[in-house]
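Take a look at the structure below.
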There are 2 protein chains.
Amino acid sequence: MNNEHNSERLEKAARCLRTMAHPLRLMIIHLLSQREYSVQELEKELGASQSSISQHLSLLKDKDILTSRRSAQQVFYRLHNPRMLDLITLTRELFCRD
Amino acid sequence: MNNEHNSERLEKAARCLRTMAHPLRLMIIHLLSQREYSVQELEKELGASQSSISQHLSLLKDKDILTSRRSAQQVFYRLHNPRMLDLITLTRELFCRD
DNA sequence: TCATAATATTTGAATATTATAATATTCAAA
DNA sequence: TTTGAATATTATAATATTCAAATATTATGA
């Protein structure tokens, strides 16, 4: 086992987990697991400010959790890797029972 | 869908994810997925201070991610739910490739 | 009881994260 | 080429997290 490498991987995993570890961002990932959403659709669903949502989307995109495409003035976001939902599902199973 | 309830669950899931989202804590969970460890064993493995490790263990225990048993002066920790390892494995698959 | 080993807690300074308000950018239609 | 709609960025105040040093607790053996 290469300890240097392993510890880098742990740090990366931790950073990515931390990025997901926010209620609004979990909800965004949950919604995007069904279909793509525009920013304004997310605003309506989540009832949060435009600025806040845009910043959360940006964090998720930086970590390659989401990708986006622009269509005229709108920007649509979707999951980069659909398996991301597995992580949320498992998280709920582990932490949201009882 | 009960939105109040759902948002509570998201917050709980986010809190638990946040608790896991630290390199040292991920490493602790990884080690404990093999067998139980005493605090001093973890100190040796992780090369962190006693205080720091004890604090991290305490956070993980608060969220019911770990349990502990005392044997004389030593305290042994183990995973509360072995499936916790699945979460780490999946996290690595999703975030630590390429 | 006293000394010591193992672990836990408290404290405080450094750093990171969050939400909001204000401003900037990007694009399309007029 | 200006206007307005949609989104992004910046700045910043409030809050949370982290780490290590100091101190406290708990259990054992002399």
Side-chain angles (χ1 to χ4, degrees), chain A residues 7-8 10-29 31-32 35-80, chain B residues 7-8 10-29 31-32 35-80:
Chain A
S7 111
E8 271 172 34
L10 281 174
E11 296 203 0
K12 182 170 183 200
R15 275 196 304 277
C16 288
L17 271 187
R18 207 164 55 229
T19 302
M20 300 184 65
H22 185 285
L24 224 52
R25 296 198 289 269
L26 283 183
M27 192 58 181
I28 289 172
I29 293 169
L31 289 170
L32 297 187
R35 62 170 174 89
E36 61 174 22
Y37 275 75
S38 69
V39 179
Q40 56 183 345
E41 283 178 314
L42 290 173
E43 271 181 69
K44 275 173 205 144
E45 282 296 331
L46 302 172
S49 76
Q50 181 270 321
S51 170
S52 174
I53 288 178
S54 185
Q55 287 177 80
H56 287 302
L57 289 170
S58 168
L59 287 173
L60 290 166
K61 204 180 160 188
D62 284 349
K63 294 290 183 304
D64 289 324
I65 296 170
L66 306 183
T67 55
S68 64
R69 69 179 177 89
R70 180 178 274 276
S71 168
Q73 289 112 323
Q74 287 177 296
V75 176
F76 290 89
Y77 283 85
R78 61 187 158 75
L79 289 192
H80 178 66
Chain B
S7 111
E8 269 171 37
L10 281 174
E11 296 204 358
K12 182 171 182 198
R15 274 196 304 276
C16 289
L17 271 187
R18 206 163 55 230
T19 302
M20 300 184 66
H22 184 286
L24 222 54
R25 294 197 292 268
L26 284 183
M27 191 60 181
I28 288 172
I29 293 170
L31 289 170
L32 296 187
R35 61 171 175 89
E36 62 174 20
Y37 275 75
S38 69
V39 178
Q40 55 182 346
E41 284 177 316
L42 290 173
E43 270 182 67
K44 276 174 205 144
E45 282 296 331
L46 302 172
S49 76
Q50 182 270 322
S51 167
S52 174
I53 288 179
S54 186
Q55 285 174 80
H56 288 302
L57 289 171
S58 167
L59 287 173
L60 290 165
K61 203 179 160 190
D62 285 349
K63 294 291 182 306
D64 290 323
I65 295 171
L66 306 183
T67 55
S68 64
R69 69 179 178 89
R70 180 180 273 276
S71 168
Q73 289 111 324
Q74 289 178 295
V75 177
F76 290 89
Y77 283 85
R78 59 187 159 75
L79 289 192
H80 178 66

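Letters A, B, ... mirror the listed sequences (proteins, then strands); counts begin at 1.
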Legend entry - Residue met sooner reading DNA chain C from 5', once B:Gln40 and B:Gln55 are mapped to nucleotides: B:Gln40
How far does [atom1] of [X] sit from [atom2] of [Y], to the nearest 0.5 angstrom?
X: A:His56; Y: A:Leu26; atom1: NE2; atom2: CG; answer: 11.0 Å
X: B:Leu60; Y: B:Thr67; atom1: CG; atom2: OG1; answer: 11.5 Å
X: B:Leu31; Y: B:Tyr37; atom1: CG; atom2: OH; answer: 4.5 Å

[X] (side chain) and [N] (base): donor-acceptor pair under 3.5 Å:
X: B:Ser51; N: C:dT9; value: yes
X: B:Glu43; N: C:dA6; value: no
X: B:Gln50; N: C:dA6; value: no

Inset, instruction - Considering just the side-chain nitrogens and oxygens of A:His22, establish if one lies under 4.0 Å of OP1 or OP2 belonging to C:dA19. - result: yes
Inset, instruction - Respond yes when some side-chain nitrogen or oxygen of A:Tyr77 is under 4.0 Å from OP1 or OP2 of D:dA8, and no when none is. - result: yes
Measure from [atom1] on [X] to [atom2] on [N] and round the result to the nearest Å.
X: B:Ile28; N: D:dC19; atom1: CD1; atom2: C1'; answer: 14 Å
X: A:His56; N: D:dT7; atom1: NE2; atom2: P; answer: 16 Å
X: A:Leu26; N: C:dT18; atom1: CG; atom2: P; answer: 11 Å
X: A:Gln74; N: C:dA28; atom1: CD; atom2: P; answer: 11 Å
X: B:Leu59; N: D:dC19; atom1: CG; atom2: C1'; answer: 12 Å
X: A:Arg18; N: D:dT18; atom1: CZ; atom2: C1'; answer: 10 Å
X: A:Gln73; N: D:dG4; atom1: CD; atom2: P; answer: 13 Å
X: B:Phe76; N: C:dT7; atom1: CZ; atom2: P; answer: 8 Å

Inset, instruction - Indicate, with a heavy-atom threshold strictly under 4.0 Å, whether A:Arg25 touches base, sugar-phosphate, or nothing. - result: sugar-phosphate
Inset, instruction - Would you mind pulling out the nucleotide paired to C:dT26, Watson-Crick or G-U wobble, both distances under 3.5 Å? - result: D:dA5
Legend entry - Option among B:Arg25, B:Met20, B:Arg18, B:His22 that satisfies the side chain to side chain contact (heavy atoms under 4.5 Å, CB included) test with A:Leu17: B:Met20
Legend entry - Sidechain-backbone polar pair: B:Glu41 side chain, B:Ser38 backbone, donor-acceptor under 3.5 Å: yes
